[in-house]
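Only one structure is covered here, and it is reproduced in the block below.
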Number of protein chains: 2
Amino acid sequence: MKKAQPENDPRALLQARDDFVTQWGTIGTAWGINRTMAQVHALLITSAHLLSTDEIMEDLKISRGNAHKNLRDLVSWGLIRSVVRKGERKEYFEAEKDVWKMFCIILRERRRRELRPAQTALHECAARTKGLKGAEAAAFNKQIKALSDFLELADSVITKISRSEQSTMVPWALRFLK
Amino acid sequence: MKKAQPENDPRALLQARDDFVTQWGTIGTAWGINRTMAQVHALLITSAHLLSTDEIMEDLKISRGNAHKNLRDLVSWGLIRSVVRKGERKEYFEAEKDVWKMFCIILRERRRRELRPAQTALHECAARTKGLKGAEAAAFNKQIKALSDFLELADSVITKISRSEQSTMVPWALRFLK
DNA sequence: GCGAAGTTTCAGTAATTCCTGAAACTACAA
DNA sequence: TTGTAGTTTCAGGAATTACTGAAACTTCGC
């Protein structure tokens, strides 16, 4: 049996990176994130240097409009930031690479964009049936209340976790749950 | 200012329930779950009695095919179960209504359907670049490893939580994080 | 002000996902 | 075996979401 030698072929790395980008795209899709956005993100978190819009278009074979939109979306999530080099007009991008920070950003944003509106909706629903008489109404109200309370708990846990970026306390607590 | 009296109008309850169904559909959509599936689920968790396919079609104004598919999907998630009453041929459905159990079921299933495949993909990716030389390759590998480790931690935390259905220990821990 | 280099917008199109309705199928009772 | 009450499947259409490419816009140096 021949022992594999460490390779130095740059194509192997490019290939692996391409695979990763594809996979990350698929993973993103499963979590309700659009494929291109996930792929641009994947590209940036595994890039050793800043990337321009044109490089990203080139790498992923996508249009300028598409690249532009998804870069903006990633910036608005806070997952990447744009950098302008001195004396240059072109915009470059870099990703937050720390996995725990990434996770916290995503938690915070999904909480803001999805959990909050859901809470509001449930509260309204609860308020509107609060005064209704009858067993059916009571049961309905109880169920809505249970959901509402649950979301509230989730909200506060998520808030706590997502604020912990630097602290070692929450990662520790999670490890405790392991 | 006139104080609102407790109402007894059954239309008010129907209306509120309808709103809830709509809202739950929207919430589901944000989480990558199809609208109809979320609505059928909403209908069932707020129903005082078993519902048949026909009643669901009627309530949501959807086709038989659509109702059928989404009921099957919900059953395969374990969020609802089908019940056949003695002496009747028709199938009826009821939902798991306990919010914590619902949450655990969803965690378990998403772990199985989404987290697991992601882990596999990352492992492969890591393996394929393990032997590569050079600073770029090393950095890439490190990043993939970080993601992979993170998913592993997430996996074990989720496993622990989702197995806790009955126990009060994990809810307690979560409250501790509050 | 003008041209160059870059960013942003958006109408039209492509791709994907979801839904319908009808036909095929299954199980059972008479 | 035939009729009835129900479930399942699936081809085609509708709705939604994503992408392209080109034109409009912005910024800056000369």
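Just so we're on the same page: letters track the sequence lines, and every chain starts at 1. Please read all numbers here as calculations on a predicted model, not as lab measurements.
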Per side chain to side chain contact (heavy atoms under 4.5 Å, CB included), B:Asp73 is matched among B:His41, B:His68, B:Met37 by B:Met37
Checklist entry - How would you label the contact of A:Asn34 with the nucleic acid (heavy atoms, under 4.0 Å): base, sugar-phosphate, or nothing? => result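 Sugar-phosphate, no base atom in range.
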Query raised in the report: Checking all strands, does B:Arg72 fall into the base, sugar-phosphate, or nothing category for heavy-atom contacts under 4.0 angstrom?
Result: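 If one applies the 4.0 Å heavy-atom cut-off, B:Arg72 turns out to touch the sugar-phosphate alone, with no base involved.
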What is the separation between atom [atom1] on [X] and atom [atom2] on [N], rounded to the nearest whole Å?
X: B:Asn70; N: D:dT9; atom1: CG; atom2: P; answer: 14 Å
X: B:Arg85; N: D:dG6; atom1: CZ; atom2: C1'; answer: 15 Å
X: B:Asn66; N: D:dA14; atom1: CG; atom2: P; answer: 16 Å
X: A:Glu88; N: C:dG6; atom1: CD; atom2: P; answer: 8 Å
X: B:Met37; N: C:dT17; atom1: CE; atom2: P; answer: 16 Å
X: B:Arg64; N: D:dA5; atom1: CZ; atom2: P; answer: 13 Å
X: B:Phe93; N: D:dG6; atom1: CZ; atom2: C1'; answer: 12 Å
X: A:Asp54; N: C:dT8; atom1: CG; atom2: P; answer: 13 Å

Under 4.0 Å: is that the gap between some side-chain N or O of [X] and OP1 or OP2 of [N]?
X: A:Thr53; N: C:dG6; result: no
X: B:His68; N: D:dT8; result: yes
X: B:Thr36; N: C:dC19; result: yes

Quiz question: by atom type and distance under 3.5 Å, do the side chains of A:Asp19 and A:Gln15 form a donor-acceptor pair?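 Side chains of A:Asp19 and A:Gln15: pair found under 3.5 Å.
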task: Decide whether B:Arg111 and B:Thr159 meet the rule of one side-chain donor and one side-chain acceptor closer than 3.5 Å.
output: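 Yes, B:Thr159 and B:Arg111 have a side-chain donor paired with an acceptor closer than 3.5 Å.
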Problem - Whether over 12 other heavy atoms sit under 6.0 Å from A:Lys97 NZ - result: yes
Comparing nearest nucleotides in DNA chain C, the 5'-proximal residue of the pair A:Arg35, A:Lys69 is A:Lys69
Of A:Gly65 and A:Arg89, the one whose closest nucleotide on DNA chain D sits nearer the 5' end is A:Gly65
Looking at A:Trp77, is A:Arg113 sitting on its ring face, NZ or CZ under 6.0 Å from the six-membered ring centre and within 45 degrees of the normal?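 Positive - A:Arg113 is close enough to the ring of A:Trp77 and near enough to its axis.
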Regarding the side chain of A:Glu91, the nearest nucleotide among D:dG6, C:dT20, C:dT7 is C:dT7
